Colleague: 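First the structure, which I've put down as structure tokens, then a few questions once you've had a look.
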Amino acid sequence: MAYFGYIFASYLATAVALLGLIGWVVFDLRGRRADLAELEARGVRRRSAAAAEDR
Amino acid sequence: MSESSLSVTRVGDLANPTRFIAFVGRVLPVLAGVTALLFAVGLVMSFLAPEDYQQGATIRIMFVHVPAAWLSMMCYTVMTASAIGTLVWRHPLADVSARAAAPIGAIFTVLALLTGSLWGKPMWGTWWVWDARLTSVFVLLLMYLGLIALNRAMDDPSKSARVSAILILVGFINIPIIKFSVDWWNTLHQPASVVRLDGPTIHASMLYPLLVMALAFTVLFFTLHMAAMRNEILRRRVAALRRQAARGR
């Protein structure tokens, strides 16, 4: 196929960029959940969550 | 009360970050499935489409370039709506939305520029020209990068929200410039061939793959945006808890 290299590079760049974005949101979510779990383990909890549990 | 047990009965309920997170948890798997299906169908249609009589096989680059370019502008438009939400209604999720959208918009813009360049070299004989369309899209990329830098430079989102919203609104002037640049100035970039008052000028055999890919990119954008908004809410929650812990409460 003519221009195969240009077409392949375009689709490869698109795949890398879109998969990169998906990876970014997935790993960011894991990081934030780990942060929250670590804070909870230290006994630091949102006031609303603590109040709901006290009731 | 667990987040998953929260129900959303009205659109207004989504203004509550905890309810929004619960809502995202429920709709994200559905959106991800629809996105994967649309990409599968779109890619098959893209490679089954006939070659263009002038562009040859490089027409296939259009099936990723054009949706990326559209999304780069749509993402900024979503950010503009969010900026209005921040400035006018002080909606709790408006700034979260704008912040979450900026990196996604930047990536779509990079992709539009890169794939456009990869199409331009064989078709125009050059990777890049400083014509009005390419230059205005490059300015859009700089605006995205500037907004990301601003958001990272200011730790407290409540302080950066208004500044960021004003900058987004000012920058929106570039969106109609990008759209109409090919009509207002002599450009190497061809004029619009899909969104036109007199209808698309592309043959249906190439238009349908393009529209399916554009829909796939659009659903992917909303999926990523909702996921990134959830992450941003959690990031702010972590920051608030750390401040709370530092105060010793």
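In what follows, every chain begins at residue 1, and chains take the letters A, B, ... in the order their sequences are listed. Given the structure is predicted, the values throughout are model-derived calculations rather than measurements.
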Colleague: Holding to salt bridge (Lys or Arg N to Asp or Glu O under 4.0 Å), I want the full list of residues that pass it with B:R90, two or more places apart in sequence or in another chain.
Modeller: none
Colleague: Out of the candidates B:I61, B:T115, B:V64, only one should pair with A:I7 under the side chain to side chain contact (heavy atoms under 4.5 Å, CB included) rule; please name it.
Modeller: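 Exactly one candidate clears the test, B:I61.
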Colleague: Which atoms form the tightest heavy-atom contact between A:A17 and B:L111, and what is the distance?
Modeller: CB-CD1, 3.8 Å
Colleague: Given a strict heavy-atom distance threshold of 4.5 Å, which part of A:L21 is in contact with chain B: side chain, backbone, both, or neither?
Modeller: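 Looking at A:L21, backbone and side chain both touch chain B.
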Colleague: Side chain from CB out, backbone as N, CA, C, O: work out which of these in B:M123 comes under 4.5 Å of a heavy atom of chain A, or both, or neither.
Modeller: side chain
Colleague: Nearest 0.5 angstrom please: B:T58 OG1 to A:Y3 OH, how far?
Modeller: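 B:T58 OG1 to A:Y3 OH: 6.5 Å, rounded to 0.5 Å.
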Colleague: Please look at B:Q55 and chain A and tell me whether the side chain, the backbone, both or neither of the residue comes under 4.5 angstrom of a heavy atom of that chain.
Modeller: backbone
Colleague: Could you grab the distance from atom CZ of B:R236 to atom CZ of A:R32, nearest 0.5 Å is fine?
Modeller: 13.0 Å
Colleague: Flag the one option from B:I104, B:V110, B:L114, B:L43 with the top tally of heavy-atom pairs under 4.5 Å to chain A.
Modeller: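 The candidate making the most pairs under 4.5 Å is B:I104.
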Colleague: Please list all pairs passing the side chain to side chain donor-acceptor pair (under 3.5 Å) test where one or both residues lie in residues 96-113 of chain B, with sequence neighbours left out.
Modeller: B:S82-B:S97, B:S97-B:H225, B:R99-B:S160
Colleague: For B:S46, is it the side chain, the backbone, both, or neither that has a heavy atom closer than 4.5 Å to a heavy atom of chain A?
Modeller: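 For B:S46, side-chain heavy atoms alone lie under 4.5 Å from chain A.
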Colleague: Hey, which residues of residues 65-75 of chain B are touching chain A, say heavy atoms under 4.5 Å apart?
Modeller: none
Colleague: Please round to the nearest 0.5 Å and tell me the distance separating atom CG of A:L18 and atom CG of B:L224.
Modeller: 8.0 Å
Colleague: If only atom types and distance count, is the side chain of B:Q244 paired as donor or acceptor with the main-chain N or O of A:R45 below 3.5 Å?
Modeller: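 Flag set: sc B:Q244 to bb A:R45 pair under 3.5 Å.
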Colleague: Please list, chain by chain and in numerical order, all residues satisfying ring-ring contact (aromatic ring centres under 6.0 Å, His included) with B:Y208, sequence neighbours excluded.
Modeller: none
Colleague: About how many Å separate CG of A:L39 and CZ of B:R237, when rounded to the nearest 0.5 Å?
Modeller: 12.5 Å
Colleague: With a 4.0 Å cut-off on N to O distance, would you call B:R242 and A:D35 a salt bridge?
Modeller: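 The answer is yes: the pair qualifies as a salt bridge.
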Colleague: Against chain A, work out which of B:P103, B:A32, B:A100, B:S117 has the most heavy-atom pairs shorter than 4.5 Å and name it.
Modeller: B:P103
Colleague: Which distance, rounded to the nearest 0.5 Å, do you find between the CD of B:E232 and the CG of A:D28?
Modeller: 8.5 Å
Colleague: Calculate, to the nearest 0.5 Å, the distance between atoms CG and CD1 belonging to B:L220 and A:I22 respectively.
Modeller: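 Output value for this atom pair is 5.5 Å.
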Colleague: Tell me if a side-chain donor or acceptor on B:N231 pairs with a main-chain N or O of A:V25 at a distance below 3.5 Å.
Modeller: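 Here the side-chain-to-backbone pair exists.
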Colleague: Between B:F63 and A:Y11 (judged by ring centroids, cut-off 6.0 Å), do the two rings come close enough to count as a pair?
Modeller: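 So the answer is no for these two rings.
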Colleague: Between B:L241 and chain A, which part of the residue has a heavy atom less than 4.5 Å away: side chain, backbone, both or neither?
Modeller: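 Looking at B:L241, backbone and side chain both touch chain A.
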